[in-house]
There are 2 protein chains.
Amino acid sequence: MEIDSLGAMKLSVRGEYALRALLVLGRDYLEDDSVVRIQAISDQQHIPKRFLEQILNDLKSAGIVESKRGVAGGYRLHKPPDRITLAEIIRHIEGPLAPVSCVSEKFYEKCSCPDESRCAIRSVMKEVRDSIVKVMEHTTLADLADRARTLEQEPLSASDFMI
Amino acid sequence: MEIDSLGAMKLSVRGEYALRALLVLGRDYLEDDSVVRIQAISDQQHIPKRFLEQILNDLKSAGIVESKRGVAGGYRLHKPPDRITLAEIIRHIEGPLAPVSCVSEKFYEKCSCPDESRCAIRSVMKEVRDSIVKVMEHTTLADLADRARTLEQEPLSASDFMI
DNA sequence: AAAATATCTATTGACATAATAGACATTTGA
DNA sequence: TCAAATGTCTATTATGTCAATAGATATTTT
């Protein structure tokens with residue numbers, strides 16, 4: 001293999017930060033209009049603050065979060081956490097969930113293979129896509145927050161060190 | 001979303017070319033030592049020849065293909081197509097199959113989140129990883145070649161145009 | 001010896017990513 | 001009313017990878 005080893009089907013750091021930030025907002029979500037400061041998220045999740053600004057701003061334009069300015073300002077989810085799926089978040093931040101664009105539902109692009117409609121690779125990639133989407137569409141920020149709460153209460157198991 | 005839209009969990013073009021080239025070698029595989037010329041693969045799959053050289057050379061160092069030099073030279077699979085999985089190929093060309101390195105079996109890397117062992121995102125990403133790996137480990141070049149043969153015999157179905 | 005092929009190493013242009021920076025707007029509350 | 005703390009917006013930069021290209025070399029067959 002090359003020196004790089006960056007990874008094939010990988011989330012960018014930006015996408016990872018987005019998920020981490022939204023997990024915080026999902027956990028702290030209340031029906032009133034309380035907000036969480038960027039600085040708090042940045043501290044808690046070790047995310048560069050200025051970079052996080054951009055990401056949250058981006059998520060705002062997607063209608064996923066909303067913001068309040070001023071001295072008591074900050075961010076909150078724009079809709080309840082059980083109505084925000086991981087698929088929605090990642091599609092906005094990164095684009096297609098599919099491993100190749102020719103099997104993407106939302107971002108289809110023709111590929112360069114000789115006959116796309118009879119491409120065996122494409123047909124396997126469709127399976128991969130479906131299995132990724134199944135998890136991502138099914139999991140909401142509320143699920144994530146629940147899971148986080150559960151994990152916090154559990155003792156550390158040895159099997160969690162290396163997987 | 002940003003202007004880019006390159007995609008989150010995507011295969012690189014290099015990886016796609018590798019699969020397409022290997023599919024050709026898988027289909028043409030014979031027990032004798034017959035080889036396929038780079039030029040033939042390049043023509044058939046519309047892959048830039050010089051780029052394909054690099055990719056095949058890389059696959060050779062992985063023990064996936066072997067080559068024969070000289071005027072009747074070319075490439076062939078180093079082992080039977082039913083013993084080469086897509087996972088093996090992509091891991092060599094691109095690295096981890098996991099969406100985040102902290103859930104990778106073969107390329108584990110620590111991530112920057114506060115407590116990896118209790119990270120809810122990680123636990124979801126493990127599910128994603130497992131479902132990707134399940135397909136990739138299970139599918140061999142022989143499966144791919146079979147599938148290609150089947151697809152070629154089938155009439156074009158309308159549903160194959162847009163998915 | 002000539003022709004056709006693979007091999008190796010280096011380099012390039014384009015692009016995206018991740019991060020940084022500075023100027024600005026808004027809100028609160030002292 | 002002003003100052004302080006926050007979010008907003010627009011640029012810019014450093015870095016790195018990807019995809020492709022190029023040139024010189026080695027090997028094999030005829």
Side-chain angles (χ1 to χ4, degrees), chain A residues 1-8 10-18 20-21 25 33-43 45-62 65-76 78 93-96 100-101 111-112, chain B residues 1-8 10-18 20-21 25 33-43 45-62 65-76 78 90 93-96 100 111-112:
Chain A
M1 182 169 45
E2 314 298 277
I3 345 97
D4 64 279
S5 126
L6 257 193
K10 243 171 133 179
L11 221 54
S12 70
V13 172
R14 188 186 186 88
E16 210 186 308
Y17 287 169
R20 303 231 302 262
L25 297 185
D33 57 353
S34 63
V35 295
V36 182
R37 284 186 302 168
I38 287 187
Q39 188 65 57
I41 302 173
S42 163
D43 289 346
Q45 292 289 326
H46 312 135
I47 300 172
K49 192 189 161 197
R50 300 308 287 277
F51 194 23
L52 183 56
E53 280 179 24
Q54 289 180 4
I55 295 168
L56 286 171
N57 209 335
D58 189 10
L59 291 171
K60 185 182 174 185
S61 76
V65 302
E66 60 192 17
S67 68
K68 198 176 143 188
R69 288 186 156 194
V71 65
Y75 284 86
R76 68 193 310 273
H78 182 62
I93 294 282
E94 314 233 26
V100 288
S101 299
C111 89
S112 68
Chain B
M1 184 169 41
E2 314 298 276
I3 344 99
D4 64 279
S5 126
L6 257 194
K10 243 171 132 180
L11 221 54
S12 70
V13 171
R14 189 186 185 88
E16 209 186 308
Y17 287 169
R20 302 232 301 262
L25 296 184
D33 57 353
S34 63
V35 295
V36 181
R37 285 186 303 168
I38 287 188
Q39 189 65 57
I41 302 174
S42 163
D43 290 345
Q45 292 289 326
H46 312 134
I47 300 173
K49 192 188 161 198
R50 301 306 288 278
F51 194 23
L52 183 55
E53 278 180 27
Q54 288 180 4
I55 296 167
L56 286 171
N57 208 333
D58 189 10
L59 291 170
K60 185 181 174 186
S61 75
V65 302
E66 60 192 17
S67 68
K68 197 176 144 187
R69 287 186 155 195
V71 65
Y75 284 87
R76 68 192 311 274
H78 181 63
I90 295 174
I93 294 282
E94 316 231 25
V100 290
C111 89
S112 67

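Chain A is the first sequence line, chain B the second, and so forth, proteins listed ahead of strands; every chain is numbered from 1.
Remark: A:K68 NZ to A:D33 CG distance equals 5.5 Å, nearest 0.5 Å. Between atom CD of residue B:Q45 and atom CD of residue B:E16 there is a gap of 10.0 Å, rounded to the nearest 0.5 Å. Atom CD1 of A:I47 is separated from atom CZ of A:R20 by 5.0 Å, given to the nearest 0.5 angstrom. In this structure, B:F51 CZ and B:S42 OG are separated by 12.0 Å, a value rounded to the nearest 0.5 Å.
OP1 or OP2 of D:dC9 lies within a sub-4.0 Å distance of a side-chain N or O belonging to A:N57. Within the structure, a side-chain polar atom (N or O) of B:S12 is placed less than 4.0 Å from OP1 or OP2 of D:dA19. Phosphate contact (OP1/OP2 of D:dA20, side-chain N/O of B:Y17, threshold under 4.0 Å): present.
Between the P atom of D:dC18 and the CD1 atom of B:I55 lies a distance of 12 Å, rounded to the nearest Å. Distance B:F51 CZ to D:dA20 P: 5 Å, rounded to the nearest Å. Atom NZ of B:K10 is separated from atom P of D:dC18 by 14 Å (rounded to the nearest Å). The distance between atom CG of B:L59 and atom P of C:dA6, rounded to the nearest whole Å, is 14 Å. Between the NZ atom of B:K49 and the C1' atom of D:dA19 there is a distance of 18 Å, given to the nearest Å. Between the NZ atom of A:K60 and the C1' atom of C:dA25 there is a distance of 11 Å, rounded to whole Å. Atom CG in B:D58 sits about 15 Å away from atom C1' in D:dT17, given to the nearest Å. D:dC18 atom P lies 12 Å from atom CG of B:L11, rounded to whole Å.
Residues A:V65 and A:H78 form no side-chain contact, since every pair of their non-hydrogen atoms from C-beta on lies 4.5 Å or further apart. The shortest side-chain heavy-atom distance between A:L56 and A:L59 falls under the 4.5 Å cut-off.
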Report each atom pair, protein N/O against N/O of nucleotides 12-15 of chain D, whose distance is under 3.5 angstrom.
none

Identify all pairs in which a protein N or O lies below 3.5 Å from an N or O of nucleotides 24-29 of chain D, and state each distance.
unit_1 : atom_1 : unit_2 : atom_2 : d
D:dT27 : O4'    : B:R69  : NH1    : 2.8
D:dT28 : O2     : B:V71  : N      : 3.4

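If you check every strand for non-hydrogen atoms under 4.0 Å, B:I38 touches sugar and phosphate atoms only. Residue contacts for B:E53: at a heavy-atom cut-off of 4.0 Å it reaches a base atom on one of the strands shown.
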Next item on the list: Check the pair A:E66 / A:R76 against salt bridge (Lys or Arg N to Asp or Glu O under 4.0 Å), numbers first and verdict last.
Entry: CA-CA 6 Å; A:E66 60 192 17; A:R76 68 193 310 273; 3.1 Å; yes

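A donor and an acceptor atom, one from each side chain of A:Q39 and A:D43, are located under 3.5 Å apart.
The nearest pair of heavy atoms linking A:A72 to A:V35 is O-CG2, 3.5 Å.
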